[in-house]
Amino acid sequence: YLVLPSGYEVPVSAALPKFWAMTTTELNFENQEQHNFELIKKDNTNHRVLVVTDIHLANRDKYPLDLTQFDQGFISEAINEYTGQSNVYCLNLGDFAWDAYWYTRNFDITDAAAQVARLPFQYWSTMGNHDNDGRTTAGDDVDLRASAPFRKTLGPTHIAFNLGKVHYILIDDILYRNTFPSSTGDPLLGQRDYSCGFRTDMIEWVKQNLSYVDKKTPIVVGMHSPLCYWTGSYNSGEFTYDNWKAFVDLFKDFEEVQF
């Protein structure tokens with residue numbers, strides 16, 4: 001996938017930006033693929049950003065029906081307010097779907113993504129705990145494996161892009177464990193438990209990404225679980241301090257950072 005440069009946009013399909021592509025095989029020096037991405041020149045110096053989170057779409061059968069409520073509420077209001085307007089972007093910070101209903105209601109992250117197709121602006125996403133596949137077996141790399149449906153539908157779980165003079169980062173801060181067995185009676189379903197934090201590979205990716213960003217550039221970082229309490233202090237209830245500090249320290253030399 002690409003990091004969108006300032007002054008450009010990417011094509012959109014059903015409100016989803018096309019800045020990434022799935023590889024069809026495991027890549028190495030002997031086995032390579034080429035994917036081309038289109039950049040569209042666009043002055044987005046002045047832009048507006050909408051932030052959404054915890055939508056929890058699930059196709060529930062109890063009133064109020066969540067899909068109807070979402071379509072007649074947020075979707076219709078967004079269409080009425082923003083159709084015909086340019087440089088409007090939406091950041092989805094996770095729990096777009098609801099893993100507890102993926103199999104009982106046959107409604108997963110792919111179905112949730114289809115619900116935003118009518119939006120008149122781009123819909124960029126990272127994931128929350130409920131966007132993981134609860135039928136992923138526990139063990140090594142379960143956090144990565146459980147995110148596969150999200151990645152196949154909405155793209156990478158940690159991304160960066162530039163809009164005007166601002167550098168945006170969206171990153172998954174959920175460490176999924178999915179301990180077995182669950183208490184639901186479904187032998188294929190785990191407990192869907194998790195902690196908050198950042199995998200080592202994600203911290204390294206942020207470090208490398210920031211090496212290309214000027215220290216005076218404003219940075220906005222979006223994630224599902226808040227890094228800090230409303231008072232601004234460290235979120236000790238969900239993050240271990242060492243992991244939290246390792247992430248926050250990546251930004252210490254930048255003049256303006258909003259988490």
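Across all their heavy atoms, Met223 and Ile171 have their closest contact at CB-O, 3.3 Å. The two residues Phe96 and Ala112 come nearest to each other via the heavy atoms CZ-O, 3.2 Å. Of all the heavy atoms in Val49 and Tyr168, the pair that sits closest is CG2-OH, 3.4 Å. Smallest separation of non-hydrogen atoms from Asn178 and Asp133: ND2-O, 4.2 Å. The minimum heavy-atom distance between His224 and Gly128, with the atom names listed, is CG-CA, 3.6 Å. Scanning all heavy atoms of the two residues, the minimum distance from Gly164 to Ser6 falls at O-OG, 2.6 Å.
Surrounding CG of Asn46 are at most 12 heavy atoms belonging to other residues, nucleotides or ligands under 6.0 Å away. When the shell of 6.0 Å around NZ of Lys215 is examined, it contains more than 12 heavy atoms from other residues, nucleotides or ligands. No more than 12 heavy atoms of other residues, nucleotides or ligands lie within 6.0 Å of CG in Asn106, so this atom counts as exposed by the packing criterion. Atom NZ of Lys165 sits in a sparse spot, with 12 or fewer heavy atoms from other residues, nucleotides or ligands closer than 6.0 Å. Within 6.0 Å of CG in Asp140 there are 12 or fewer heavy atoms belonging to other residues, nucleotides or ligands.
Side-chain contact between Glu9 and Asn87 is present, with heavy atoms from C-beta onward closer than 4.5 Å. Side-chain atoms of Pro5 and Leu39, non-hydrogen and from C-beta on, do get closer than 4.5 Å to each other. In this structure, the side chains of His158 and Asp172 stay at 4.5 Å or more apart for every pair of heavy atoms. Residues Leu16 and Val116 meet the side-chain proximity criterion, which asks for heavy atoms closer than 4.5 Å. Using a 4.5 Å cut-off on side-chain heavy atoms (C-beta onward), Asp173 and Glu238 make no contact. Residues Val52 and Cys90 have side chains in contact (heavy-atom distance under 4.5 Å, counting atoms from C-beta outward). Looking only at side-chain heavy atoms (C-beta outward), Cys196 and Trp244 stay at 4.5 Å or farther from each other. The side-chain heavy atoms of Trp124 and Pro17, taken from C-beta on, include a pair separated by under 4.5 Å.
Geometrically, Lys42 does not engage Tyr8 in a cation-pi contact, judged by NZ or CZ lying under 6.0 Å from the ring centre and within 45° of the ring axis.
By the rule that hydrophobic residues join a cluster once side-chain heavy atoms approach within less than 4.5 Å of another member, Leu227 and Val51 end up as members of one cluster. Under the 4.5 Å side-chain heavy-atom criterion for Ile, Leu, Val, Met, Phe, Trp and Tyr, Tyr212 and Val206 are members of distinct hydrophobic clusters. The same ILVMFWY cluster, assembled from side-chain heavy atoms under 4.5 Å apart, contains both Leu4 and Val221. The hydrophobic clustering, which links ILVMFWY residues whose side-chain heavy atoms are closer than 4.5 Å, places Leu163 and Ile159 together. Phe19 and Ile109 fall into different hydrophobic clusters, where Ile, Leu, Val, Met, Phe, Trp and Tyr residues are linked whenever their side-chain heavy atoms come under 4.5 Å apart, directly or through other members.
In the model, Thr240 has no side-chain atom that pairs as donor or acceptor with a side-chain atom of Asp242 under 3.5 Å.
Panel note: side chain Tyr229, backbone Gly237; a donor-acceptor pair is recorded below 3.5 Å. Listed for the Gln191 side chain is a donor-acceptor partner under 3.5 Å among the backbone atoms of Pro181. The main-chain N or O of Ser76 is found under 3.5 Å from a side-chain atom of Asn80 such that the two form a donor-acceptor pair. In this structure a side-chain-to-backbone donor-acceptor pair under 3.5 Å is present from Thr153 to Pro149. Between the side chain of Thr126 and the backbone N or O of Thr157 there is at least one donor-acceptor pair closer than 3.5 Å. Here the side chain of Arg192 pairs no donor or acceptor atom with the backbone of Ser182 at under 3.5 angstrom. Judged by distance alone, with hydrogens and angles left aside, the side-chain atoms of Glu38 form no donor-acceptor pair with the main-chain N or O of Pro11 at under 3.5 Å.
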Please lay out, stage by stage, how Arg151 and Leu144 fare under the test side-chain contact (heavy atoms from CB on, under 4.5 Å).
CA-CA 10 Å; Arg151 290 183 284 110; Leu144 179 63; 3.9 Å; yes
Under the criterion side-chain contact (heavy atoms from CB on, under 4.5 Å), I'd like the reasoning laid out for Glu33 against Thr24: C-alpha separation, chi angles, the key distance, then a yes or no.
CA-CA 8 Å; Glu33 295 180 13; Thr24 58; 2.5 Å; yes
Let's go through Ile203 and Asn243 carefully: what are the C-alpha distance in whole Å and the side-chain angles of both, what is the deciding distance for side-chain contact (heavy atoms from CB on, under 4.5 Å) to 0.1 Å, and is it a yes or a no?
CA-CA 9 Å; Ile203 289 179; Asn243 184 264; 4.1 Å; yes
Evaluate the side-chain contact (heavy atoms from CB on, under 4.5 Å) criterion for residues Tyr82 and Leu50: first the C-alpha distance (whole Å), next the side-chain angles of each, then the deciding distance (0.1 Å), finally the verdict.
CA-CA 11 Å; Tyr82 296 106; Leu50 310 178; 3.4 Å; yes
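Outside the 6.0 Å centre-distance limit, the rings of Phe239 and Tyr234 are not counted as a close aromatic pair.
To the nearest 0.5 angstrom, Ile75 atom CD1 is 12.5 Å from Thr68 atom OG1. Here the straight-line distance linking atom OH of Tyr194 with atom NE2 of His130 works out to 6.5 Å at 0.5 Å rounding. Rounded to the nearest 0.5 Å, atoms CD (Gln115) and CG (Leu57) are 6.0 Å apart. Taken from CG in Asp66 to CG in Asn59, the straight-line distance is 6.5 Å, to the nearest 0.5 Å. A distance of 10.5 Å separates CG in Leu210 from NZ in Lys207, rounded to the nearest 0.5 Å. For the atom pair CE (Met22) and NE2 (His35), the distance works out to 9.5 Å, reported to the nearest 0.5 Å.
Salt-bridge formation is detected for the pair Asp201/Arg199: a Lys NZ or Arg NE/NH1/NH2 atom is positioned less than 4.0 Å from an Asp or Glu carboxylate oxygen. We find that Asp141 and Arg145 are not joined by a salt bridge, their nearest charged nitrogen and carboxylate oxygen being 4.0 Å or further apart.
Residue Ile169 forms a side-chain contact (heavy atoms from CB on, under 4.5 Å) with just one option from Phe161, Phe259, Phe251, and that option is Phe251.
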